Amino acid sequence: MAKHRGRGIASINYPIGMNLGGDPSQALVHSNPSGKFTVSLSSIDLGQGMKSVTRQICAETLGVPVEDVYVDTADSDTGPHCMGSFASRGTHRVGNAVMAAAKEARGVMMEAAAEELEVNAADLDTDGRGNIHVKGAPHRSISTKDVAIAAQFKQGKTISGRGIFLVPLSEVNPETGEMSPATCYAHACLVAEVEVDDETGEVAMVRMDSAYELGRALNPRLVEQQLVGGAWMGISHALFETPEPYYPDPAHGPRDFVEYLMPGPGDICPHDIAVLERPAADGPFGAKGPGEMCANPVLPAVANAIFNAVGVRMDELPITPEKVLRAIKAQGGARPQARR
Amino acid sequence: MTKTALQFRHNGRDVALFVDGGVNLLVALRESIGDMTPKFGCGQGGCGACSVLIDGELHLSCLTLAETVNGRSVETLDGLKDGPNLHPLQRAFMEQFAAQCGYCTPGMLMAAKALLDRNPSPTRAEVIEAISGNICRCTGYEPIVNAVLAAASSGRARA
Ligand code: FES
Ligand code: FES
């Protein structure tokens with residue numbers, strides 16, 4: 001009876017968003033007379049950072065400070081339509097819609113500023129700090145706040161913009177079955193090292209090393225946060241979680257929250273992550289999206305690591321101690337493979 | 001049902017209320033006092049989202065009868081910051097990106113405070129042990145452990 005170490009690798013290509021009937025999201029941007037901007041979305045932020053990243057995208061496109069942008073995701077009944085926050089689509093789909101809306105709003109803002117400064121809108125630029133000035137003559141300037149006030153009370157203009165980003169439905173070629181379900185792919189590779197106890201069937205995570213290619217990381221700290229948390233969820237799916245009973249009789253399965261297993265802080269392992277940035281041609285500022293895909297490579301890598309450790313091929317999730325033990329027994333004992 | 005008169009200190013302030021027999025502390029805090037910082041996760045002692053300190057010790061408020069805190073002192077996340085200033089643990093959680101949806105955060109902070117109050121220089125293993133009754137669905141725990149360790153070392157730097 002012994003503990004065996006094993007190492008497994010997995011690579012994935014992850015299509016950003018989905019395309020089973022077209023994949024659209026909308027955004028609206030408008031300014032208040034205070035010179036602050038509101039982005040209206042129906043896309044929900046569950047903590048992944050949707051609000052932060054769309055705020056950044058809007059501010060950057062408008063050319064105003066990020067503090068001057070507020071993102072409102074209050075109500076999907078009244079907000080512009082969104083397919084939802086899933087399939088790693090938030091940054092890419094919603095971000096593109098926000099960018100389009102902010103571009104349109106910027107056009108109106110520059111027109112309104114041009115009217116106040118009595119110049120041509122094409123000669124104006126933003127300084128990113130809340131001012132609009134004549135190119136090459138920074139002293140001839142007006143604040144975005146004053147532009148917003150003038151547009152609202154003097155010019156009778158709404159500084160606003162509409163945006164939608166749609167990945168249209170891809171037809172399937174009836175002869176070849178070919179289609180292009182996605183416009184943009186993220187990639188990842190993960191190496192997992194595990195320790196398998198051939199007496200108890202328990203699998204302990206030893207360490208993970210990964211590389212993720214997900215376009216430009218618009219907010220690197222949030223990307224890292226997603227990758228760390230997502231990998232934990234991958235461990236959870238690989239080794240712990242299931243709504244299905246894993247014993248012969250459903251009555252012996254998990255019945256409530258307390259019996260629904262998830263890894264605790266003691267079950268995690270060191271995880272070294274490299275983020276590779278290859279800007280996506282159709283992403284907002286080159287971004288793809290680090291959502292769901294951060295959990296995916298962990299599962300096959302762990303299964304491969306278990307094979308490497310004790311020679312059993314686990315093809316059913318989650319890989320519980322009982323399943324490992326039965327498989328080891330069926331092959332007549334642990335058979336550690338060549339260390340890789 | 002008979003009501004019981006109850007008095008205790010809530011984040012340093014005396015409170016007096018009537019509770020129904022059998023009501024747990026989590027419900028009393030949220031519904032009678034209006035302190036929404038302890039969260040309801042499972043109501044079964046399995047997630048730690050409802051963690052509070054009673055006389056400085058970590059307890060699950062969903063499993064504590066409200067009547068048992070009569071005359072005692074209850075601390076919740078609501079009392080952690082000092083006026084407008086965040087507690088070092090809160091600052092560290094922010095800096096280490098230790099919250100995503102934030103639902104576990106109040107419980108995590110109280111579990112971490114209980115640890116640092118009795119052990120200002122914990123090891124990584126001690127931090128893991130201290131938060132092992134708290135479930136987080138988002139962060140993967142690593143950033144939370146790092147935040148607690150960072151708060152501990154910033155505390156040592158000030159002391
Ligand atoms: S709500 Fe008290 S432990 Fe989950
Ligand atoms: S941050 Fe979401 S549960 Fe911990």
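Protein chains get the first letters and strands the later ones, always in sequence-line order, with residue 1 at the start of each. Computed from a prediction, not measured in an experiment: that's the story for all the values here.
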Peer 1: Measure distances from B:Ile135 to the heavy atoms of chain A and classify the residue's part below 4.5 Å as side chain, backbone, both or neither.
Peer 2: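 Just its side chain gets close to chain A.
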Peer 1: What part of A:Leu46 gets within 4.5 angstrom of chain B, counting heavy atoms only: side chain, backbone, both, or neither?
Peer 2: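 It is the backbone, since no side chain atom gets that close.
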Peer 1: Report the C-alpha distance between A:Phe257 and B:Gln44 in whole Å, list the side-chain angles of each, state the deciding distance to 0.1 Å, and finish with yes or no for side chain to side chain contact (heavy atoms under 4.5 Å, CB included).
Peer 2: CA-CA 8 Å; A:Phe257 194 68; B:Gln44 295 177 290; 3.6 Å; yes
Peer 1: Given that the side chain runs from C-beta out, which part of A:Ile235 has a heavy atom under 4.5 Å from chain B: side chain, backbone, both or neither?
Peer 2: neither
Peer 1: State, to 0.1 Å, how close A:Pro265 and B:Asn134 come at their nearest heavy-atom pair, and which atoms those are.
Peer 2: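 So the two residues come closest at CD-O, 4.4 Å.
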Peer 1: Could you tell me whether B:Glu126 atom CD has more than 12 heavy atoms of other residues or ligands within 6.0 Å of it?
Peer 2: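 Yes, the 6.0 Å shell around CD holds more than 12 heavy atoms from other groups.
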Peer 1: Is chain A contacted by the side chain of B:Ser132, its backbone, both, or neither, given a heavy-atom distance below 4.5 Å?
Peer 2: both
Peer 1: Closest heavy-atom contact between A:Gln226 and B:Gln100?
Peer 2: NE2-OE1, 3.2 Å
Peer 1: Out of A:Pro263, A:Ala231, A:Gly266, A:Gly49, which one racks up the most heavy-atom pairs below 4.5 Å with chain B?
Peer 2: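 Going by pairs under 4.5 Å, I would pick A:Pro263.
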Peer 1: What part of B:Ala125 gets within 4.5 angstrom of chain A, counting heavy atoms only: side chain, backbone, both, or neither?
Peer 2: neither
Peer 1: So does B:Phe18 have more than 12 non-hydrogen atoms from other groups sitting under 6.0 Å from CZ?
Peer 2: no
Peer 1: Under 3.5 Å, side chain of B:Arg137 to main-chain N/O of A:Met233, donor-acceptor pair present?
Peer 2: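 Not confirmed, B:Arg137 side chain does not pair with A:Met233 backbone.
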Peer 1: Using every non-hydrogen atom in the two residues, find where B:Thr139 and A:Val228 come nearest and quote the distance to one decimal.
Peer 2: O-CG1, 3.6 Å
Peer 1: Can you measure from CD (A:Gln225) to CD (B:Glu142) and round to the nearest 0.5 angstrom?
Peer 2: 13.0 Å
Peer 1: Of all heavy-atom pairs between B:Cys136 and A:Trp232, which one has the smallest distance, and what is that distance?
Peer 2: O-CH2, 3.5 Å
Peer 1: Taking CD in A:Glu60 as the centre, count heavy atoms belonging to other residues, nucleotides or ligands within less than 6.0 Å. Is the count above 12?
Peer 2: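 Not buried by this count: 12 neighbours or fewer within 6.0 Å.
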